[in-house]
Each structure stands twice: as structure tokens, then as C-alpha cells.
> 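First, the structure itself, so that you have it in front of you.
Along the sequence shown, residues are numbered consecutively beginning with 1. Small disclaimer: the values here were computed from a predicted structure and weren't measured.
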Amino acid sequence: MKSLTLGNLEDCLLRKVDLRRQLISQTMEEIQKVVHRLTTEISHQDIRFQAVPYSDTYNGNIKVLTPSHFLVTVPMKGLAGYREAKERHWRYYTLQGARLGTPVRSPEDLQQWLEVKQFMKNLWQWHEADVNIEGDIVPAKVLQVFQKLIENAIRTCHFSGKVSMLERYGSVIWVAMETSTRQVELELVPAVEIPTAWSAKAQWPRCLKRWPSPERVECIKSFGFDFLARSNYHWQLSFCRAEQVMLELLDEDGGCRRKCFQVMRQMKEDVWCPGKRPVLTTHHLQAVLFWTCEKYPHSKDWQVFSKSFLRLVKKLHKCVSQRFLKHYFVRKSNLLRYANSVELDAVAQKLAAFLKNPQISLP
């Protein structure tokens with residue numbers, strides 16, 4: 001075994017980052033072709049769902065959470081002109097339509113109800129009972145419809161030997177796909193895209209913060225947000241487009257923010273938290289990166305790789321140890337709230353060991 005200290009860790013891991021990029025690029029191309037065909041068939045079966053487009057460059061509908069775990073958001077059609085709800089009221093229905101004696105629990109900080117009337121333009125199909133209860137578009141019912149459409153599309157597209165449905169995990173639809181190099185898992189999520197507004201729940205930017213600049217803030221917020229069908233009653237807020245813009249603008253003033261993030265992600269996937277469905281994904285690392293960039297807003301803070309990288313790792317270790325990582329845009333939401341505590345503790349131990357002696361061993 002050969003040990004690499006922080007001094008030559010950078011070059012070694014950056015080579016691995018480049019290899020990862022090549023592998024992801026090849027895998028993404030294969031995933032895009034399959035997802036495009038499947039969702040095109042789904043859109044033919046049900047007008048409420050749109051096809052995920054094929055892109056030669058970046059595809060905003062497919063996010064890499066790990067090299068073998070991809071989040072695919074399938075946009076929904078016929079809901080335009082979104083407005084925030086002006087009044088609150090309790091819900092007393094079950095998913096089967098029965099009446100409850102006590103109200104359904106309120107949404108958490110990163111969730112909200114979604115009513116058809118919140119959209120100035122909506123297709124009549126969104127009023128149908130297969131997705132609607134008492135005026136609400138109900139995620140669980142949307143997922144029931146969507147799962148049947150996926151199963152039919154797999155057969156229609158003759159993908160049975162290449163794509164298979166996995167057992168439902170909570171409110172998530174998982175699909176396994178065989179690529180030319182390995183099997184990957186796709187998390188397929190219906191999404192209501194809100195491209196022209198910013199969520200009232202995202203009180204951002206915070207006062208007196210210097211990163212990003214006011215001009216960049218307006219640009220980032222102009223990309224809007226999404227509602228994802230990832231629970232039974234409530235829609236989950238997502239800011240994937242805004243987050244992607246922030247990643248692209250990371251080092252416009254110079255510095256090594258992107259390099260530090262890529263190396264931290266590589267270490268997470270190789271050493272600290274590997275596996276198909278790890279307790280930490282790229283989404284968690286992005287939040288750590290954004291909070292650290294906000295705390296250290298100047299280019300001068302990101303000139304020395306070793307110092308900057310260790311700063312990020314220390315922030316990650318603190319969040320994992322405390323089991324508390326605030327969502328960057330909706331800071332009342334803890335991204336680690338439902339994470340497995342045993343797995344988090346194991347990651348925290350590895351991070352602590354690395355910080356005590358910043359080196360890795362290679363075969």
C-alpha cells in the first residue's frame with residue numbers, strides 16, 4: 001500500500017475526478033436515450049407528463065447523486081401561472097378519499113400543499129379523481145398513475161431486459177438500468193416546474209451576506225424552483241436549476257472552490273461514504289460547499305488548495321457529527337433529519353480520522 005499525504009493528494013484525486021467525469025459522461029448518454037424513449041411513450045399515454053429531452057450538453061432533468069444513483073425529474077404539463085396560496089386550511093381526507101376526525105399533519109419546512117387553483121392555467125385532467133382530492137394535487141396519487149405508466153412504457157419500448165422496476169422505497173419509484181459498464185439505479189420523480197417565480201419559503205439571500213453578489217442572486221433566483229412528488233400528501237421543494245447555476249459561477253472571481261468540491265466528492269465516494277445508496281450524496285456536499293462559500297466569500301479565501309479543502313472537510317465533519325445540515329435556501333430544513341444515525345456516525349469517524357492525519361492509502 002502507498003500512502004498519499006495532502007501535498008500530493010490533490011494531483012492523484014484530480015486524475016480520479018477526470019476519470020469519474022468520463023465514466024459519468026458515457027453513462028449519462030446511455031441513461032438519456034432510455035429515459036427519453038420511456039418518457040416520450042409516457043407522454044403519449046398521458047398528456048399530463050412531458051418527455052425528458054435528450055441533450056448533448058447538460059441535462060437539467062438528470063442529476064448525478066452518486067456514480068450509480070441518478071435522480072430523474074419528469075416534468076408535468078398543463079399547470080402554468082403559479083401563485084402562492086393566500087389562505088391556509090386543514091385537510092381531513094385520506095389517500096383513499098375517506099374522512100378523518102383529525103387533520104392531516106402540516107407540511108414540513110421543505111414541503112407544501114399544492115392546489116389546482118394555484119395555477120391560472122390548468123388542464124382539466126388535473127381535476128380528475130386519479131390525482132386530485134378536494135382540489136389538491138396529491139403526490140401519492142400522481143405516483144400511482146406514474147408507476148403504471150412506467151411499467152407500460154418499459155414493455156412498449158421493449159426494455160424488459162435492460163430496465164426493471166425495483167421495489168418501492170417509501171414514496172420513491174426506483175428503476176434499475178443496465179448500462180455498458182455497470183448497473184445503475186434511477187430515482188424517477190414527477191416534477192411541477194415553476195421556472196418564473198421564487199418560493200416564499202426560501203428566504204434568501206440572508207441580510208449582509210457578500211456571496212453571491214446581488215447581481216448573481218437575481219440571476220440565480222430567475223431560474224425558479226420545482227415541486228417534486230416525493231411524499232404522500234405534500235410536495236417537496238427543489239432548487240436544482242438554481243443550484244446548478246451557482247456551481248457554474250463558483251470561481252468566476254478566481255479561487256479553487258470547484259476543485260475543492262470535486263476532490264471532496266471523490267473522497268466521499270471512494271473512502272468516506274461509498275456505495276449505491278449512501279447516507280450522503282452530492283446534494284449534501286453541495287449544501288456544505290454553499291454554506292462555506294457564504295462564510296468565506298472572498299477570492300483570497302480560496303487560493304490555497306490544502307487550506308481550502310480542509311476547511312470544507314471540517315464543515316462536513318461538523319454537520320455529520322451533529323446530524324444537522326441546513327438546506328441552503330430553506331434554512332429551517334435539516335437535510336440530515338431522516339438520515340440513518342449509525343451510518344452518519346460511521347462517516348463522522350472516517351472524517352475525524354482523515355482530519356487527524358490527512359492522507360489516503362492506495363493499492
> Is it true that, when you exclude Lys332 itself, more than 12 heavy atoms of the residues, nucleotides or ligands shown sit nearer than 6.0 Å to its NZ?
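Atom NZ in Lys332 is not packed in, count stays at 12 or less.
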> To the nearest 0.5 Å, how far apart are OG in Ser299 and CZ in Arg257?
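Nearest 0.5 Å value for the OG-CZ distance: 6.0 Å.
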> Does the distance from a Lys or Arg side-chain N to an Asp or Glu carboxylate O, for Arg15 and Asp18, drop under 4.0 Å?
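Not counted as a salt bridge, because no side-chain N and carboxylate O are separated by less than 4.0 Å.
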> Tell me whether Arg277 at atom CZ has more than 12 heavy atoms from other residues, nucleotides or ligands lying less than 6.0 Å away.
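More than 12 heavy atoms, drawn from other residues, nucleotides or ligands, come within 6.0 Å of this atom.
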> In terms of side-chain geometry, is the basic nitrogen of Asp270 or Lys16 positioned less than 4.0 Å from the acidic oxygen of its partner?
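Salt bridge present between Asp270 and Lys16.
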> With Leu143 as reference, evaluate Val131, Leu188, Ile173 under the side-chain contact (heavy atoms from CB on, under 4.5 Å) test and give the passing residue.
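By the side-chain contact (heavy atoms from CB on, under 4.5 Å) criterion, Leu143 pairs with just one of Val131, Leu188, Ile173: Ile173.
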> Side chains of Thr40 and Phe49: closer than 4.5 Å at any heavy-atom pair?
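Result no, sub-4.5 Å side-chain heavy-atom pair not found.
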> How about CZ on Arg88, more than 12 heavy atoms from neighbouring residues, nucleotides or ligands closer than 6.0 Å, or not?
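Counting other residues, nucleotides and ligands, CZ of Arg88 stays at 12 neighbours or fewer.
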> Given side chains that start at C-beta, do those of Arg258 and Leu289 come closer than 4.5 Å, heavy atoms only?
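Of all side-chain heavy-atom pairs linking Leu289 with Arg258, none is under 4.5 Å.
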> Do you know which two heavy atoms are closest between Thr66 and Glu269, and how far apart they sit?
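Taking every non-hydrogen atom into account, CA-OE2, 4.1 Å.
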> Looking at Arg241 and Asp226, is any side-chain nitrogen of the basic one under 4.0 Å from a carboxylate oxygen of the acidic one?
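Salt bridge between Asp226 and Arg241, a charged N being under 4.0 Å from a carboxylate O: yes.
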> In Å and rounded to the nearest 0.5 Å, what is the CD to OG1 distance from Glu41 to Thr156?
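Going from the CD atom of Glu41 to the OG1 atom of Thr156 covers 4.5 Å.
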> What about Leu38 and Met177, same hydrophobic cluster or not, with Ile/Leu/Val/Met/Phe/Trp/Tyr joined at side-chain heavy-atom distances under 4.5 Å?
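Yes, same cluster.
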> Kindly compute the distance separating CD (Gln147) from CG (Asn152), expressed to the nearest 0.5 Å.
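Result: 11.0 Å between the selected atoms.
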> Below 30° counts as parallel, above 60° as perpendicular, anything between as tilted: where do the rings of Trp272 and Phe354 land?
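Rings of Trp272 and Phe354: perpendicular, as their planes differ by over 60°.
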> Hey, can you tell me if Tyr82 and Phe119 have their rings parallel, tilted or perpendicular (30° and 60° cut-offs)?
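Answer is tilted, since the angle falls between 30° and 60°.
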> What's the shortest heavy-atom distance between Trp113 and Pro107, and which atoms?
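Nearest pair, atom of Trp113 first, then Pro107: NE1-CD, 3.3 Å.
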> Using a 3.5 Å distance criterion without hydrogens, assess whether the side chain of Thr39 forms a donor-acceptor pair with backbone atoms of Val52.
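Between the backbone of Val52 and the side chain of Thr39 there is a qualifying donor-acceptor contact (under 3.5 Å).
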> Side-chain contact, heavy-atom cut-off 4.5 Å: Met267 with Met264?
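A side-chain contact under 4.5 Å is absent here.
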> Are any side-chain N or O atoms of Asp130 and backbone N or O atoms of Val145, one a donor and one an acceptor, separated by less than 3.5 Å?
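The answer is no, because no donor-acceptor pair under 3.5 Å joins these two groups.
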> Rounded to the nearest 0.5 Å, how far apart are NE2 of His327 and CZ of Arg337?
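That separation rounds to 14.5 Å.
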> Might you work through the side chain to side chain contact (heavy atoms under 4.5 Å, CB included) test for Arg20 and Val64, ending with a clear yes or no?
CA-CA 11 Å; Arg20 178 191 188 275; Val64 185; 3.9 Å; yes
> Indicate yes or no for a side-chain donor-acceptor contact from Lys162 to the backbone of Glu178 under 3.5 Å, with no hydrogens or angles considered.
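Yes, because the side chain of Lys162 sits within donor-acceptor range (under 3.5 Å) of the backbone of Glu178.
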> Within the distance-only criterion (no hydrogens, no angle test), does the side chain of Glu30 pair as donor or acceptor with the backbone N or O of Thr179 below 3.5 angstrom?
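Not at all, since once roles are kept as given, no pair shorter than 3.5 Å links the two residues.
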> side-chain hydrogen bond (donor to acceptor under 3.5 Å, both in side chains) with His69: which of Glu185, Glu187, Lys63?
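When Glu185, Glu187, Lys63 are each tested with His69, the side-chain hydrogen bond (donor to acceptor under 3.5 Å, both in side chains) holds only for Glu187.
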> Got more than 12 heavy atoms from elsewhere within 6.0 Å of CZ, Arg331?
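It does not: Arg331 CZ has 12 such atoms or fewer within range.
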> With the side chain counted from C-beta on, respond yes when Phe305 and Val263 share a heavy-atom pair under 4.5 Å apart, and no when they do not.
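Result yes, sub-4.5 Å side-chain heavy-atom pair found.
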> Between the side chains of Arg48 and Ser43, does any donor sit under 3.5 Å from an acceptor?
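Distance-only check fails for Arg48 and Ser43.
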> State, to 0.1 Å, how close Leu325 and Trp291 come at their nearest heavy-atom pair, and which atoms those are.
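Scanning both residues completely, I find the closest heavy atoms to be CD1-CD1, 4.4 Å.
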> State, with a plain yes or no, whether a side-chain heavy atom of Met246 is found less than 4.5 Å away from one of Gln286.
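Contact flag for Met246/Gln286 side chains = no.
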> So, Gln111 and Gln236: side-chain donor and acceptor under 3.5 Å apart, yes or no?
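Their side chains do not contain a donor-acceptor pair, so the 3.5 Å distance test is not met.
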> Is Lys148 atom NZ crowded by more than 12 heavy atoms from other residues, nucleotides or ligands, each under 6.0 Å away?
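At most 12 heavy atoms, drawn from other residues, nucleotides or ligands, come within 6.0 Å of this atom.
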> Please confirm whether the backbone N or O of Pro190 pairs with a side-chain atom of Arg230, one donor and one acceptor, at under 3.5 Å?
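Not a single qualifying donor-acceptor pair exists.
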> Are any of the side-chain heavy atoms of Leu95 and Val138 separated by less than 4.5 Å?
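Yes, their side chains come closer than 4.5 Å.
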> So which atom in Thr73 and which in Pro75 form the shortest heavy-atom distance, rounded to 0.1 Å?
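For Thr73 versus Pro75, the nearest heavy atoms are O-CD, 3.5 Å.
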> Aromatic rings Phe239 and Phe329: how do their planes relate, parallel, tilted or perpendicular, breaks at 30° and 60°?
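Judged by the thresholds at 30° and 60°, the geometry between Phe239 and Phe329 is tilted.
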> Using distance alone, with no hydrogens and no angle criterion, decide if Asn132 and Glu128 have a side-chain donor and acceptor under 3.5 Å apart.
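Result is no, nothing qualifies.
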> Could you walk me through whether Trp302 and Lys307 pass the side chain to side chain contact (heavy atoms under 4.5 Å, CB included) test, one step at a time?
CA-CA 8 Å; Trp302 299 90; Lys307 182 179 179 181; over 6 Å; no
> Verify side chain to side chain contact (heavy atoms under 4.5 Å, CB included) between Ser341 and Arg323, making sure each step is shown before the conclusion.
CA-CA 8 Å; Ser341 58; Arg323 304 172 190 171; 3.6 Å; yes
> Does Asn122 reach the main-chain N or O of Leu79 with its side chain, forming a donor-acceptor pair under 3.5 Å?
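No, because the side chain of Asn122 does not come within donor-acceptor range (under 3.5 Å) of the backbone of Leu79.
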> Could you tell me if Ser68 and Gln183 have a donor-acceptor pair between their side chains, going purely by distance under 3.5 Å?
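The answer is no; no qualifying pair exists.
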> Roughly how far apart are Thr282 OG1 and Leu247 CG, rounded to 0.5 Å?
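Thr282 OG1 to Leu247 CG: 9.5 Å, rounded to 0.5 Å.
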> Does the His234 side chain pair with the main chain of Pro139, one donor and one acceptor, at a distance under 3.5 Å?
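Here the side-chain-to-backbone pair does not exist.
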> Under a 4.0 Å threshold between the charged nitrogen and the carboxylate oxygen, would Asp136 count as salt-bridged to Arg91?
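Here Arg91 pairs with Asp136 in a salt bridge, since their nearest N and O are under 4.0 Å apart.
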> What are the two closest heavy atoms between Cys219 and Val245, and how far apart are they?
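Minimum heavy-atom separation between Cys219 and Val245: SG-CG1, 4.3 Å.
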> Answer yes or no: is there a donor N or O on one side and an acceptor on the other, between the side chain of Asn340 and the main chain of Val342, under 3.5 Å?
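Confirmed, Asn340 side chain pairs with Val342 backbone.
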> If you compare all heavy atoms of Leu336 against all heavy atoms of Cys319, which two are closest, and at what distance to 0.1 Å?
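Answer, listing the atom of Leu336 first, then Cys319: CD1-O, 3.6 Å.
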> Hey, could you give me the CZ/CD1 distance between Arg155 and Ile150, rounded to the nearest 0.5 Å?
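With rounding to 0.5 Å, CZ (Arg155) is 12.0 Å from CD1 (Ile150).
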> Before you tell me yes or no, could you show the steps for Leu335 and Lys326 under side chain to side chain contact (heavy atoms under 4.5 Å, CB included), namely the whole-Å CA-CA distance, both residues' side-chain angles and the distance that decides it to 0.1 Å?
CA-CA 6 Å; Leu335 295 177; Lys326 292 184 291 185; over 6 Å; no
> Think Arg311 forms a cation-pi with Tyr296, using NZ or CZ under 6.0 Å from the six-ring centre and within 45 degrees of its axis?
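Yes.
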